[in-house]
2 protein chains.
Amino acid sequence: METPSVRRRILNHTIPLIMARGYNGFSYRDLSELVGVKTSSIHYYFPSKDDLVLEAVNEYSNNVLNSIQAIDAALPAETQLAKYAELFDSTVIDGNQICLCGMLAADIGWLPESVRLALQTFFMANEDWLAKVLRQGLEERPFAVNGTPDSAARMLYAAYQGGMLASRLFRTETRLKEIQAACKIMT
Amino acid sequence: METPSVRRRILNHTIPLIMARGYNGFSYRDLSELVGVKTSSIHYYFPSKDDLVLEAVNEYSNNVLNSIQAIDAALPAETQLAKYAELFDSTVIDGNQICLCGMLAADIGWLPESVRLALQTFFMANEDWLAKVLRQGLEERPFAVNGTPDSAARMLYAAYQGGMLASRLFRTETRLKEIQAACKIMT
DNA sequence: GTCTATAAACAGATAGAC
DNA sequence: GTCTATCTGTTTATAGAC
């Protein structure tokens, strides 16, 4: 396993920094100390902070969406949703981090339109996947979902975003677990 | 109606600034320009930024909780929840703002324990009120709530927090309206 | 109470040597 | 590519005159 490039190491450190502190909460200086290069070298790879953040969003988005797509669609809907929820648990509890895209949605006032669009795309991809699984759940056990699967999925995703905030605020994983439990009843 | 004191005007401007931009997104300089006094005068009233933020949380919390308590408990549960949802709508859509306590929950890494506790108290007050109304709804129409009223209330509140994020991100009120619609089915 | 003045640190960003 | 050096502007905060 060879040493990752400087560019990669910058991105690898940027993502958890945003998840923990937000757009205005980390600096090139922080990255400089973490990666071990001068801030001017970071500007070489990412001329502006907006460039860096946009790439961080794309990187994070690809990683998370790949993990979601990897959930076996042949499993019962309830099991798929449990695996989905696991994706959030560890980052919040172990790392005091929340979803990178949820955090940047809070910082939206500072971000260029390109980042806003990337965040919207990530939100919709999650909502679409959840809607698909909820529809599958309806076929398995035809009842229980409030409203259309699509609107239920959007509400569920909003609950996950808010649940991460609350879990970190109260320093307890039960708030995320409760949302997962509510999923069971919806499927 | 007499002119509010400088102290009051500082707080009155601080609250929407936090709701729009977060803890790291506004400065004493911003307030200085908005209120029309020098930054050193703001330090006279609020020696540190943490002092200012704590008072802003308490002020916001009192205002919102008073509005919630003012909702007539004799109304049908569904109507009460609709009035609750209205409290969020306008700030998000008209002002590009989200809940002050939700925003600061995203910035929790920078805040002292005193503010964390104040945020927790606000979250729990909302959840308790929602749980009370959901229980009332169960008496009126005994069915529909997923799980216990308490856990349903926490999930619903998380959905509101996440819904405000999404509504502002997508610049549409429909995402908040959908959560309100889901309430109807829960009551 | 409000101001001027200033501190000491930090931000994102750039020019140019090596 | 990475560095030194620097620019320009910002931040929170304090001392002390009025």
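Any value given below was found using the heavy atoms of this structure, including those in side chains, with hydrogens, waters and symmetry copies removed. Each chain gets a letter, A, B and so on, in the order the sequences are listed, and its residues count up from 1. None of the values given here were measured: they were computed from a predicted structure.
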A:Asn24 has an atom CG; how far is it from atom P of D:dT12, in whole Å? 11 Å
Are any of the side-chain heavy atoms of B:Arg21 and B:Gln97 separated by less than 4.5 Å? no
Can you measure A:Tyr28 atom OH to D:dT6 atom P for me and round it to whole angstrom units? 22 Å
Please say whether more than 12 non-hydrogen atoms of neighbouring residues, nucleotides or ligands are located less than 6.0 Å from NZ in B:Lys38. no
Determine the contact category for A:Lys38: base if any of its heavy atoms lies under 4.0 Å from a base atom, sugar-phosphate if only primed atoms, P, OP1 or OP2 are that close, otherwise nothing. base
Looking at B:Glu55 and B:Arg7, is any side-chain nitrogen of the basic one under 4.0 Å from a carboxylate oxygen of the acidic one? yes
B:Cys99 versus B:Phe122: any side-chain heavy-atom pair under 4.5 Å? yes
Of B:Val6 and B:Thr39, whose nearest nucleotide on DNA chain C comes first from the 5' end? B:Val6
Would A:Lys49 count as a cation-pi partner of A:Tyr28, with NZ or CZ less than 6.0 Å from the six-membered ring centre and within 45° of the ring normal? no
So, is B:Arg29 close to the D:dT12 phosphate, meaning a side-chain N or O under 4.0 Å from OP1 or OP2? no
Whole-Å distance separating the CD1 atom of B:Ile42 from the C1' atom of D:dA13: 12 Å
May I ask you to test the A:Asp107-A:Trp110 pair for a side-chain heavy-atom distance under 4.5 Å? yes
Go through DNA chain C in 5' to 3' direction and return only the first and the last nucleotide with some atom under 4.0 Å of chain B's heavy atoms. C:dG1 to C:dT4
With sugar-phosphate meaning primed atoms plus P, OP1 and OP2, does A:Phe46 contact a base, only sugar-phosphate, or nothing at under 4.0 Å between heavy atoms? nothing
If I take atom NE2 in residue A:His43 and atom P in nucleotide D:dA5, what distance separates them, rounded to the nearest angstrom? 18 Å
Whole-Å distance separating the CD atom of B:Glu33 from the P atom of D:dT10: 9 Å
Over how many whole Å does the gap from B:Asp30 atom CG to D:dT12 atom C1' extend? 13 Å
Side-chain donor or acceptor of B:Ser27 under 3.5 Å from a matching atom on the base of D:dT10? no
Measure the distance from CD1 on B:Ile10 to P on D:dT12 and round it to the nearest whole Å. 14 Å
Apply salt bridge (charged side-chain N to carboxylate O under 4.0 Å, His left out) to B:Glu173 and list each qualifying residue two or more places apart in sequence or on a separate chain. none
